[in-house]
Q: 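I have a structure I would like to understand better, so I am pasting it below and will then ask my questions one at a time.
Please read these numbers as outputs of a predicted model, since none were measured by experiment. Chain letters run A, B, ... following the sequence lines, proteins first, then strands; residues in each count from 1.
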Protein chains: 2
Amino acid sequence: MEDGTSLSGTHIDVRATNSCEIRDLLDRLADKWSLLVIELLGSGTRRFSELNRDIEEISQRMLTLTLRNLERDGLVSRTVHPVVPPRVDYALTALGESLLAAVHPLVSWTREHRDEIAAARERYDTRREPEGER
Amino acid sequence: MEDGTSLSGTHIDVRATNSCEIRDLLDRLADKWSLLVIELLGSGTRRFSELNRDIEEISQRMLTLTLRNLERDGLVSRTVHPVVPPRVDYALTALGESLLAAVHPLVSWTREHRDEIAAARERYDTRREPEGER
DNA sequence: CGGCATCCTAAGGGATACTG
DNA sequence: CAGTATCCCTTAGGATGCCG
């Protein structure tokens with residue numbers, strides 16, 4: 001039926017406490033779009049087409065799948081309005097908002113260290129790839 | 001990939017600022033192992049084989065690739081000891097440690113809300129597929 | 001021991017067409 | 001408008017083998 005979904009997983013060895021949590025975390029958020037959608041919904045309820053427009057690079061398929069997963073995890077709520085042109089609103093749940101709050105330090109970190117990383121990359125690439133042309 | 005698409009300046013340009021950062025973030029950490037390795041190195045320097053043993057489910061190939069990426073981004077340092085059986089130590093850099101600190105709220109969040117999510121999932125699954133088994 | 005190179009499969013995800 | 005269903009291609013990543 002569905003095939004692009006990553007609903008499986010969570011069968012990892014339960015020994016490493018921290019590792020499991022991180023894996024758990026990654027299984028939920030480490031896809032290409034989830035965090036992006038959560039961040040967008042952080043600034044307010046949006047309907048499907050708005051999300052689709054705001055993200056722009058996402059396909060309907062992936063937006064749908066992403067929203068379904070987030071809804072399933074209780075991070076996002078889906079409200080269908082029974083009107084003539086269908087209207088579906090998505091919003092963060094309380095759980096979703098708490099996640100967003102927990103994510104923000106990471107976002108800040110990225111903003112603050114972006115150039116450090118870029119510099120490190122250049123250094124690495126230059127050091128390891130001084131040839132290339134000869 | 002190409003990302004310069006700037007449109008919809010009507011309201012908040014979450015896309016132009018936060019989205020890019022999140023994408024950036026995801027590109028760096030959203031793979032299957034990076035965060036796991038970082039977390040492990042958070043508790044001290046380890047050699048290759050130790051990491052390989054501690055993570056266990058990872059293949060050498062992926063461990064190598066992950067470490068290379070982290071090294072490239074300046075998050076992890078690699079120290080080769082010129083001894084007879086080769087010995088290579090990996091450790092977090094200052095940058096890596098600051099990242100780890102930024103990640104911790106997320107890890108805590110996961111630990112604290114794990115069962116909420118599990119419950120939400122079960123609710124969702126039960127609601128949507130009451131049949132399915134036979 | 002640490003780590004590239006190769007091969008190969010499964011999952012991720014885009015494009016498109018169809019529907020209520 | 002808000003999806004669902006198909007097709008298809010690209011990628012992540014596991015398994016294996018070789019080498020300093």
Q: Output the rounded distance in Å from CG (B:Leu26) to C1' (C:dG12).
A: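 In whole Å, C:dG12 C1' and B:Leu26 CG are 14 Å from each other.
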Q: Return yes if a side-chain donor-acceptor contact under 3.5 Å exists between A:Asn52 and A:Ser49, otherwise no.
A: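 No donor-acceptor contact under 3.5 Å links the two side chains.
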Q: Rounded to the nearest Å, what distance is computed from the CD atom of residue A:Glu56 to the C1' atom of nucleotide C:dG13?
A: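 Whole-Å distance recorded here is 17 Å.
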Q: Between A:Thr93 and A:Leu75, is there a donor-acceptor pair closer than 3.5 Å when you use the side chain of the first and the backbone of the second?
A: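 Present.
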Q: Specify the separation, in whole Å, of atom CG of A:Asp89 and atom C1' of D:dA2.
A: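 In whole Å, D:dA2 C1' and A:Asp89 CG are 12 Å from each other.
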Q: With the side chain of B:Ser49 defined as its heavy atoms from C-beta on, choose the nearest nucleotide among D:dC1, C:dC4, C:dC1.
A: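 Output: C:dC1.
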Q: Output the rounded distance in Å from NE2 (B:His81) to P (C:dG3).
A: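 So the two atoms are 12 Å apart, to the nearest Å.
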Q: What integer distance in Å separates B:Asn52:CG from C:dG2:C1'?
A: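 Answer to the nearest Å: 10 Å.
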Q: Check whether any side-chain N or O of A:Thr64 sits under 4.0 Å from OP1 or OP2 of D:dG3, and answer yes or no.
A: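 No, no such contact exists.
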Q: Between B:Arg47 and C:dC1, is there a side-chain N or O to OP1/OP2 distance below 4.0 Å?
A: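 Result: no.
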Q: If the test is side-chain contact (heavy atoms from CB on, under 4.5 Å), which one of B:Gln60, B:Arg78, B:Arg53 qualifies with B:Phe48?
A: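 For B:Phe48, the side-chain contact (heavy atoms from CB on, under 4.5 Å) test succeeds with only one of B:Gln60, B:Arg78, B:Arg53, which is B:Gln60.
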Q: Would you mind reading off the distance between B:Leu51 atom CG and C:dG3 atom C1', rounded to a whole angstrom?
A: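 Answer to the nearest Å: 14 Å.
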Q: Measuring to OP1 and OP2 of D:dG3, would you say a side-chain N or O of A:Tyr90 lies under 4.0 angstrom away?
A: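 So the side-chain polar atoms of A:Tyr90 do come within 4.0 Å of the phosphate oxygens OP1 or OP2 of D:dG3, strictly under.
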Q: Could you go step by step and tell me if B:Leu51 and B:Arg47 meet the side-chain contact (heavy atoms from CB on, under 4.5 Å) rule?
A: CA-CA 6 Å; B:Leu51 288 169; B:Arg47 46 193 302 189; over 6 Å; no
Q: Could you give the CZ-to-C1' distance, from B:Arg53 to C:dG2, as a whole number of Å?
A: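 Going from B:Arg53 (CZ) to C:dG2 (C1'), I get 12 Å.
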Q: Reading nucleotides 13-20 of chain D 5' to 3', which nucleotides get B (base under 4.0 Å from a protein heavy atom), which S (sugar-phosphate only), which -?
A: BBB----B
Q: Test B:Leu70 against every option in B:Val76, B:Leu65, B:Leu92 by the side-chain contact (heavy atoms from CB on, under 4.5 Å) rule and name the one that passes.
A: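 So the option named by the test is B:Val76.
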Q: Between P on D:dA2 and CG on A:Leu67, what's the gap in Å once rounded to a whole number?
A: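 Value for this atom pair: 11 Å.
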Q: Taking atom types as modelled, find out whether B:Thr66 and B:Asn69 have a side-chain donor-acceptor pair closer than 3.5 angstrom.
A: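 No, no side-chain donor-acceptor pair sits under 3.5 Å.
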Q: Using distance alone, with no hydrogens and no angle criterion, decide if B:Ser43 and B:Arg46 have a side-chain donor and acceptor under 3.5 Å apart.
A: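 Yes, because at least one side-chain N or O of B:Ser43 sits under 3.5 Å from a partner of the opposite role on B:Arg46.
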